[in-house]
Protein chains: 2
Amino acid sequence: MRVQMKSAVPATTMEIKTACSQCNLRELCLPFGLDPREVDQLDELVGSRRKIKRQQHLYRSGDPFEAIYAIRAGSFKTDVILEDGRDQVTGFQMTGEVLGLDGISSEHHSCNAIALEDSEVCVIPFGRLEELSRQVESLQHQFHKIMSREIVRDHGVMMLLGSMRAEERLAAFLLNLSQRFTARGFSPSEFHLRMTRDEIGSYLGLKLETVSRAFSRFQEEGLVAVQQKHIRILDTPGLKRILNHHASN
Amino acid sequence: MRVQMKSAVPATTMEIKTACSQCNLRELCLPFGLDPREVDQLDELVGSRRKIKRQQHLYRSGDPFEAIYAIRAGSFKTDVILEDGRDQVTGFQMTGEVLGLDGISSEHHSCNAIALEDSEVCVIPFGRLEELSRQVESLQHQFHKIMSREIVRDHGVMMLLGSMRAEERLAAFLLNLSQRFTARGFSPSEFHLRMTRDEIGSYLGLKLETVSRAFSRFQEEGLVAVQQKHIRILDTPGLKRILNHHASN
DNA sequence: AAATCGTATTGACGTGGATCAAAGGGGTCC
DNA sequence: GGACCCCTTTGATCCACGTCAATACGATTT
């Protein structure tokens with residue numbers, strides 16, 4: 001199907017089961033820190049996989065909450081929409097990251113998750129995850145870390161939205177992407193944006209025109225090479241300097 | 001000793017142990033949904049209580065993470081500080097709310113928690129909480145809900161920071177406070193702010209002058225009566241209207 | 001009651017980013 | 001391969017909020 005490897009251990013069933021134990025994302029995902037036997041237990045829990053085409057919803061705000069999702073391939077955005085139509089992108093998620101944690105609190109999802117490209121997720125029924133994590137300490141702990149990481153990430157976004165200027169926000173955004181691509185074995189300096197300027201703007205609390213202008217400015221200053229959605233970071237320290245060298249606010 | 005009740009059930013030890021089972025905040029806090037026997041188990045886990053004087057830190061960014069904290073009395077703010085000195089208030093917490101969840105992900109706290117008034121917290125050693133929540137399903141679930149609620153709250157703040165104008169932000173802030181005071185048995189319409197204009201501004205991504213002007217505007221329009229930190233909400237529907245009736249972004 | 005200090009209000013002015021508008025790619029679907 | 005549409009870039013203007021500054025208020029101390 002995708003970046004799968006042929007399973008060395010023959011699967012018991014006929015279908016090519018893409019097990020956690022065989023997944024190259026396991027270091028970034030829920031199985032992190034589990035021993036092989038525990039990973040197998042987790043495997044049994046991952047009920048199914050689901051393909052989501054570009055622009056389609058994985059879940060919508062208001063949907064009953066039943067499972068969380070680990071991204072196997074592709075990428076997503078999450079957003080919240082107000083009655084008056086305003087919307088805010090709350091995050092962009094890539095492979096190995098977990099979606100749906102917002103739904104636990106009220107038994108209903110509180111945001112929309114939309115695929116930015118054709119994608120695939122592992123469906124993790126939440127009741128069973130809680131059950132297993134009562135038995136497997138390391139799974140429990142890893143799950144708590146993942147939730148906590150989301151909270152810390154959100155605080156970073158608040159910082160960004162609350163007290164940075166446009167170019168700082170974009171620099172922070174690019175550096176964050178770069179770091180996450182690196183963690184996945186891709187180039188730190190060259191990547192393809194899966195989201196539009198408008199979506200970046202929504203995430204960063206800016207208008208798309210402002211995002212575009214900031215990109216142009218970075219390009220003029222030799223910090224990045226921008227060609228539509230293709231980004232090449234030329235001067236990482238320079239971008240970091242933009243982040244810190246501001247006495248304002 | 002504060003809003004405590006004399007325990008009807010005599011404590012086994014001499015000291016006045018303010019147990020979860022006797023706490024009037026239990027419906028808002030970690031014990032929610034537990035049966036009496038389970039609450040007793042949780043009780044044993046709550047190692048100690050800690051008093052924090054106004055302006056003092058409960059924990060600081062970088063401190064090793066060992067416990068989470070439930071607020072028994074008083075209130076707190078959390079903030080993150082950048083190297084260049086800029087800071088952002090990420091939340092205001094009141095009784096029954098839980099502090100410290102940010103620390104789980106990296107074993108170190110990633111923000112500061114500072115008392116806004118003389119306060120008291122219940123110290124909940126995290127290792128033991130995980131242990132007990134492997135045994136007590138309802139505790140596990142309630143804890144997950146609390147973490148998830150924090151994520152949902154953060155998304156709301158992102159919405160606020162990313163796509164609302166100054167007066168909308170302040171209206172949302174006041175309505176949120178009102179609702180939380182109500183849940184604690186206080187007046188929905190009359191309360192005392194424990195934070196300064198500057199802190200409100202930091203939280204809302206505004207300067208203190210802008211916060212002050214927005215308060216004045218609300219007062220002119222008869223929505224609230226403001227006298228320094230004392231707030232009386234006169235027209236709740238009016239405040240809600242401010243929130244929704246904006247086509248901008 | 002006076003002195004002090006942190007906090008809040010109010011005014012005048014400046015600016016970063018929003019808004020409005022037009023033109024220039026690139027990808028996609030026949 | 002051409003037409004269409006969405007996305008992006010860039011320019012001109014506007015405005016909400018920030019900045020700077022002065023004053024006022026209230027709590028606390030002496």
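Letters A, B, ... are given to chains in the order of the sequence lines, protein chains preceding strands, and every chain is numbered from 1.
- Rounded to whole Å, atom C1' of C:dT9 lies 14 Å from atom CZ of B:R217.
- Between the NE2 atom of A:H230 and the P atom of C:dG27 there is a distance of 12 Å, rounded to whole Å.
- In this structure, CG of B:L161 is placed 15 Å from C1' of D:dC17, rounded to the nearest angstrom.
- To the nearest angstrom, C1' of C:dT15 lies 14 Å from CD of A:E167.
- In this structure, A:H109 and A:F65 have perpendicular ring planes: the angle between them is above 60°, well past the 30° mark.
- Spacing between atom CD of B:E199 and atom P of C:dT7 amounts to 8 Å, rounded to whole angstrom units.
- Taking 4.0 Å as the cut-off between side-chain N and carboxylate O, A:R54 and A:D118 do not count as a salt-bridged pair.
- Remark: B:M159 CE to A:D79 CG distance equals 9.0 Å, nearest 0.5 Å.
- In this entry the distance linking CZ of B:R165 with C1' of C:dG17 reads 12 Å, nearest Å.
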Could I get a table of every N or O pair under 3.5 Å where one atom is in the protein and the other is in nucleotides 4-6 of chain C?
none

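- Residue B:G205 is classed as a sugar-phosphate contact, given heavy-atom separations below 4.0 Å to backbone atoms only.
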Could you pull out the protein-nucleic contacts involving nucleotides 4-11 of chain D (nitrogen or oxygen on both sides, under 3.5 Å)?
{"unit_1": "D:dT8", "atom_1": "OP2", "unit_2": "A:R197", "atom_2": "N", "d": "2.8"}
{"unit_1": "D:dT9", "atom_1": "OP1", "unit_2": "A:R197", "atom_2": "NH2", "d": "3.2"}
{"unit_1": "D:dT9", "atom_1": "OP2", "unit_2": "A:R197", "atom_2": "NE", "d": "2.8"}
{"unit_1": "D:dT9", "atom_1": "OP2", "unit_2": "A:S212", "atom_2": "OG", "d": "2.8"}
{"unit_1": "D:dT9", "atom_1": "O5'", "unit_2": "A:S212", "atom_2": "OG", "d": "3.2"}
{"unit_1": "D:dT10", "atom_1": "OP2", "unit_2": "A:S216", "atom_2": "OG", "d": "2.5"}
{"unit_1": "D:dG11", "atom_1": "N7", "unit_2": "A:R213", "atom_2": "NH1", "d": "2.9"}
{"unit_1": "D:dG11", "atom_1": "O6", "unit_2": "A:R213", "atom_2": "NH2", "d": "3.1"}

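- Side-chain atoms of B:R194 never come within 3.5 Å of backbone atoms of B:L116 as a donor-acceptor pair (strictly under, hydrogens ignored).
- Atom C1' of nucleotide C:dA18 and atom CE of B:M164 are separated by 18 Å, given to the nearest angstrom.
- Checking B:R217, B:R241, B:R213 one by one against B:E167, the salt bridge (Lys or Arg N to Asp or Glu O under 4.0 Å) holds for a single residue, B:R217.
- For the pair A:R232 (side chain) and A:S189 (backbone), a donor-acceptor distance under 3.5 Å is absent.
- Ring geometry for B:F186 versus B:F181: interplanar angle over 60°, hence perpendicular rather than tilted (30 to 60°).
- Neither side chain, B:N244 nor A:D84, offers a donor N or O lying under 3.5 Å from an acceptor on the other.
- Ion pairing of B:E97 with B:R149 is absent here, as no side-chain N (NZ or NE/NH1/NH2) approaches a carboxylate O to less than 4.0 Å.
- In this entry the distance linking NZ of A:K207 with P of D:dC15 reads 16 Å, nearest Å.
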